[in-house]
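Here it is, the structure in full.
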Amino acid sequence: MTNPTFDVVTLFVLLDIAEAGSLTAGADRASMTASAASQRISKLEQSIKQPVLVRLPRGVELTEAGQVLVARARLFRREMRAARGDLDALSGLHQGTVRLGSFPTASASILSDALKEYHLRWPDIDVRVRSATRPQLLEMLHSSEIEIALLWSYAWTEETERSLTLEPLMQDPTMLLIPADREIGTGGAWLSALRSQRWIIRSADHPAAEVLYRSCRAAGFEPDVVYEGHDYQEIQAMVAAGVGIAMVPRLATAQHRPDVRAVAFNKADDVPTRSIYIATLTRRAYTPAMRAVARALHTAVPSPPENSFVRGTANSPE
C-alpha cells in the first residue's frame, strides 16, 4: 500500500471545517469556495482510502480518521505559528511591533504607566497587549502569540520552565485591606492579632486566597472566610461595607476607594510577597522595541510607600 501524501493546505481546510462545524463555513475561513474545499477533502479521503467527514443535514461530523488528522493539524498549525514568530524575530520584522502579555493587577498599575511613557517616546511602535492568567501567558509565550510577558510567582509556585528567560522587575508585598476609619497599631499589622477577624478573599482557586490560608496557618489559626469575591473592586466594596478585612497584593491598591486603606504587615509575620518579572523565550533575542518596553516597565515600578498604609490617591504607590 502506497503511503498517503498529506497536503498541508488540505489538512488546515479540514481543521477549519471541523472548528466551524460545516463545510461552507470552514471553506469561508480558509478563503476558498465550498466546491474547492469539498474537492480537497475528497482527494484526501481517496489518498487515505477512508472518509474523514460525514455529511449531515446540518453541518458535518468527523470520522475517527478525521479526528486523528484534525488533532495533528491543530498541533502542526500551532508549530507553524511559533515558527512564523521565530522567523519574524530573526529577520527583525517586529522592530516596529511588540506583542506583550500581562495580568490584570499589573495592567492596571505598572503597565498602564509604562505604556504612557512608551507611546510618548516611541509613538510609531505598535504595542499589542493580551491580558490573561499565568498558565495562559505561558502558553502564549511558547506558541509565540506574544513575545514578552509580565509574570508573577510565589515561593511555592511551580517551577517555571527552563526555556524562559526571567528578568526580575519588582517585589509586590501583600497588604492588609481595612476600612478607612479603622485603627491599626503603629509598626504594621500583627497577623496573630487578627485571628478573630472575618476575612474576604478572591475565589478559592485564586493565588491570593492561598496567600491568606498559608499566612494564617503559619500564625497558628484558620481564617474565618465569610465572602469570596471575583475581583479586587468587589473586595474593596465589601471591606468598606464592614463585611470583613482582606489580604491583597500592593499593586491591587494602586486604584482604590477612599473609604478603605492598605496597611503593611509586620515584617515578623513574614506574609508572602510575590515576585514580578519580565519573561521571554530563551531562544528569542530582544528586539529594540522589546528592550524599550522593558525599560519603560522598570521606570514605572512604584517606590515602596513611606507610610505604613496607603490612603486615598495622595499616598498611592502609583
### Query
If only atom types and distance count, is the side chain of D224 paired as donor or acceptor with the main-chain N or O of R198 below 3.5 Å?
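Checked: no pair found.
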
### Task
Give the ring-plane orientation class for W122 versus Y118, where under 30° counts as parallel, over 60° as perpendicular and anything between as tilted.
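Geometry flag for Y118 against W122: tilted rings.
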
### Cationic N near anionic O, under 4.0 Å, R217 to E222
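Yes, this pair counts.
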
### Query
Rounded to the nearest 0.5 Å, how far apart are CG of L138 and CE of M140?
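The CG atom of L138 sits 9.0 Å away from the CE atom of M140.
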
### Message
Less than 4.5 Å apart, side chain to side chain, heavy atoms only: is that true for L176 and Q197?
### Response
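A side-chain contact under 4.5 Å is absent here.
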
### Message
So, taking the atom named NZ in K43 and the one named CG in D7, what distance separates them when rounded to the nearest 0.5 Å?
### Response
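The distance works out to 9.0 Å.
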
### Task
Please check if W156 and V271 belong to a single hydrophobic cluster, counting links between Ile, Leu, Val, Met, Phe, Trp and Tyr side chain heavy atoms closer than 4.5 Å.
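Yes, W156 and V271 fall within the same hydrophobic cluster.
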
### Message
Would a single hydrophobic cluster contain both L62 and V68, if residues Ile, Leu, Val, Met, Phe, Trp and Tyr are joined by side-chain heavy-atom contacts under 4.5 Å?
### Response
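Different clusters.
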
### Message
In the structure I gave you, are the side-chain heavy atoms of P223 and M247 within less than 4.5 Å of one another anywhere?
### Response
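Sidechains of M247 and P223: no contact.
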
### Message
Does either side chain, that of R284 or that of S144, offer a donor lying less than 3.5 Å from an acceptor on the other one?
### Response
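Yes, S144 and R284 have a side-chain donor paired with an acceptor closer than 3.5 Å.
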
### Query
Stepwise, does the side-chain contact (heavy atoms from CB on, under 4.5 Å) test hold for L120 with K116?
CA-CA 6 Å; L120 285 174; K116 287 178 186 177; 5.5 Å; no

### Query
Honestly curious: do V8 and V70 fall in one hydrophobic cluster under the side-chain, below-4.5 Å linking rule?
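No, it is not one cluster - the side chains of V8 and V70 are not joined through contacts under 4.5 Å.
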
#### Entry: Check: T282/T165 side-chain N/O donor and acceptor closer than 3.5 Å
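A pair is found: one side chain offers a donor N or O, the other an acceptor, under 3.5 Å apart.
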
### Query
Which heavy atom of G66 sits nearest a heavy atom of L14, and at what distance?
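Result for this residue pair: O-CD2, 4.3 Å.
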
### Query
So how far is it from M32 CE to R40 CZ, rounded to the nearest 0.5 Å?
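Rounded to the nearest 0.5 Å, the CE-CZ separation comes out at 5.0 Å.
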
### Message
Would you say that R134 contacts L137 through its side chain, given a criterion of any heavy-atom pair below 4.5 Å between the two side chains?
### Response
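No - every pair of side-chain heavy atoms lies 4.5 Å or more apart.
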
### Close side-chain approach of L69 to L44, heavy-atom, < 4.5 Å
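In contact.
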
### Query
Out of I276, D113, L169, which one pairs with L297 under the side chain to side chain contact (heavy atoms under 4.5 Å, CB included) rule?
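Of I276, D113, L169, side chain to side chain contact (heavy atoms under 4.5 Å, CB included) with L297 is met by L169 alone.
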
### Message
Please check: side-chain N/O of N266 versus main-chain N/O of A268, any donor-acceptor pairing under 3.5 Å?
### Response
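Present.
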
### Query
Nearest heavy-atom pair of L151 and A279: which atoms, and what distance?
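Heavy atoms of L151 and A279 come nearest at CD1-CB, 3.5 Å.
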
### Query
Atom CZ in R291, atom CD1 in I148: separation rounded to 0.5 Å?
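With rounding to 0.5 Å, CZ (R291) is 11.0 Å from CD1 (I148).
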
### Query
Are L177 and Q236 close enough, and set up right, to give a side-chain contact (heavy atoms from CB on, under 4.5 Å), and what steps lead you there?
CA-CA 8 Å; L177 198 65; Q236 288 183 32; 3.7 Å; yes

### Message
Parallel, tilted or perpendicular: which one describes the rings of F76 and F12, with boundaries at 30° and 60°?
### Response
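Judged by the thresholds at 30° and 60°, the geometry between F76 and F12 is tilted.
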
### Query
In terms of hydrophobic clusters joined by side-chain contacts under 4.5 Å, are V9 and I41 together?
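V9 and I41: one cluster.
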
### Query
Within the distance-only criterion (no hydrogens, no angle test), does the side chain of E61 pair as donor or acceptor with the backbone N or O of V54 below 3.5 angstrom?
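Side chain of E61 to backbone of V54, a donor-acceptor pair under 3.5 Å: no, none is there.
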
### Query
Does atom CZ of R182 have more than 12 heavy-atom neighbours from other groups under 6.0 Å away?
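Result for CZ/R182: enclosed.
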
### Query
Any donor-acceptor pair under 3.5 Å linking the side chain of T174 with the backbone of P272?
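A pair under 3.5 Å: yes.
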
### Message
Within the supplied structure, the quantity of interest is the number of heavy atoms (other residues, nucleotides, ligands) at a distance under 6.0 Å from R55 CZ; does it exceed 12?
### Response
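For R55, atom CZ is crowded (more than 12 foreign heavy atoms under 6.0 Å).
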
### Expected output: side-chain S42 to main-chain S38 donor-acceptor under 3.5 Å
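Yes, because the side chain of S42 sits within donor-acceptor range (under 3.5 Å) of the backbone of S38.
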
### Message
Does atom CZ (R214) have a neighbourhood of more than 12 heavy atoms from anything else shown, all under 6.0 Å?
### Response
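Yes, enclosed.
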
### Enclosure of R195 CZ (heavy-atom neighbours >12, cutoff 6.0 Å)
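More than 12 within 6.0 Å, yes.
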
### Query
With a 4.5 Å limit on heavy-atom distance, are the side chains of L281 and L164 in contact?
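Heavy-atom side-chain distance check passes, below 4.5 Å.
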
### Task
Considering non-hydrogen atoms only, spot the tightest contact between E45 and L53 and give its length.
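Looks like OE2-N, 3.4 Å.
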
### Message
Could you check whether E167 and H298, counting side-chain N and O atoms only, form a donor-acceptor pair closer than 3.5 Å?
### Response
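There is such a pair (donor and acceptor under 3.5 Å, judged by atom type) between the side chains of H298 and E167.
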
### Query
Rounded to the nearest 0.5 Å, how far does OG1 of T253 lie from CE of M175?
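Rounded to the nearest 0.5 Å, the CE-OG1 separation comes out at 6.0 Å.
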
### Message
Could you see if M80 belongs to whatever hydrophobic cluster contains L141? Use Ile, Leu, Val, Met, Phe, Trp, Tyr and a side-chain cutoff under 4.5 Å.
### Response
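Different hydrophobic clusters.
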
### Task
Check for a donor-acceptor pair, side chain of E234 on one end and backbone N or O of G229 on the other, with a separation under 3.5 Å.
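Side chain of E234 to backbone of G229, a donor-acceptor pair under 3.5 Å: no, none is there.
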
### Message
Just so I know, are the side chains of Q171 and S275 near enough to count as touching, which here means a heavy-atom distance under 4.5 Å?
### Response
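Yes; the side chains approach each other to less than 4.5 Å.
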
### Query
Salt bridge between R78 and E139, side-chain N to carboxylate O under 4.0 Å?
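Yes.
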
### Task
Would you please test F6 and I48 for side-chain contact (heavy atoms from CB on, under 4.5 Å) and show each step?
CA-CA 9 Å; F6 295 111; I48 66 174; 3.8 Å; yes

### Message
I'd like to check I201 versus Y227 (side-chain heavy atoms, cut-off strictly below 4.5 Å). Are they in contact?
### Response
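The answer is no, as the side chains (C-beta and beyond) never meet within the 4.5 Å cut-off.
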
### Task
Write down the atom of A132, the atom of Q136, and the distance for their closest heavy-atom approach.
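Looking at all heavy atoms of both residues, the shortest contact is CB-OE1, 3.3 Å.
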
### Message
In the structure I gave you, are the side-chain heavy atoms of P207 and W152 within less than 4.5 Å of one another anywhere?
### Response
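In contact.
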
#### Entry: E145 CD to R81 CZ distance, which is reported to the nearest 0.5 Å
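Between atom CD of E145 and atom CZ of R81 there are 6.5 Å.
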
### Message
side-chain contact (heavy atoms from CB on, under 4.5 Å), that's the test. Do I245 and W199 meet it? Break it down for me.
### Response
CA-CA 5 Å; I245 60 177; W199 292 89; 3.8 Å; yes

#### Entry: For the student: nearest non-hydrogen atoms of P249 and R274, plus distance
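Closest heavy-atom pair between P249 and R274: CB-NH2, 3.6 Å.
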
### Which atom of F265 lies closest to which atom of L191, heavy atoms considered
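The pair with the smallest heavy-atom distance is CE2-CD1, 4.0 Å.
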
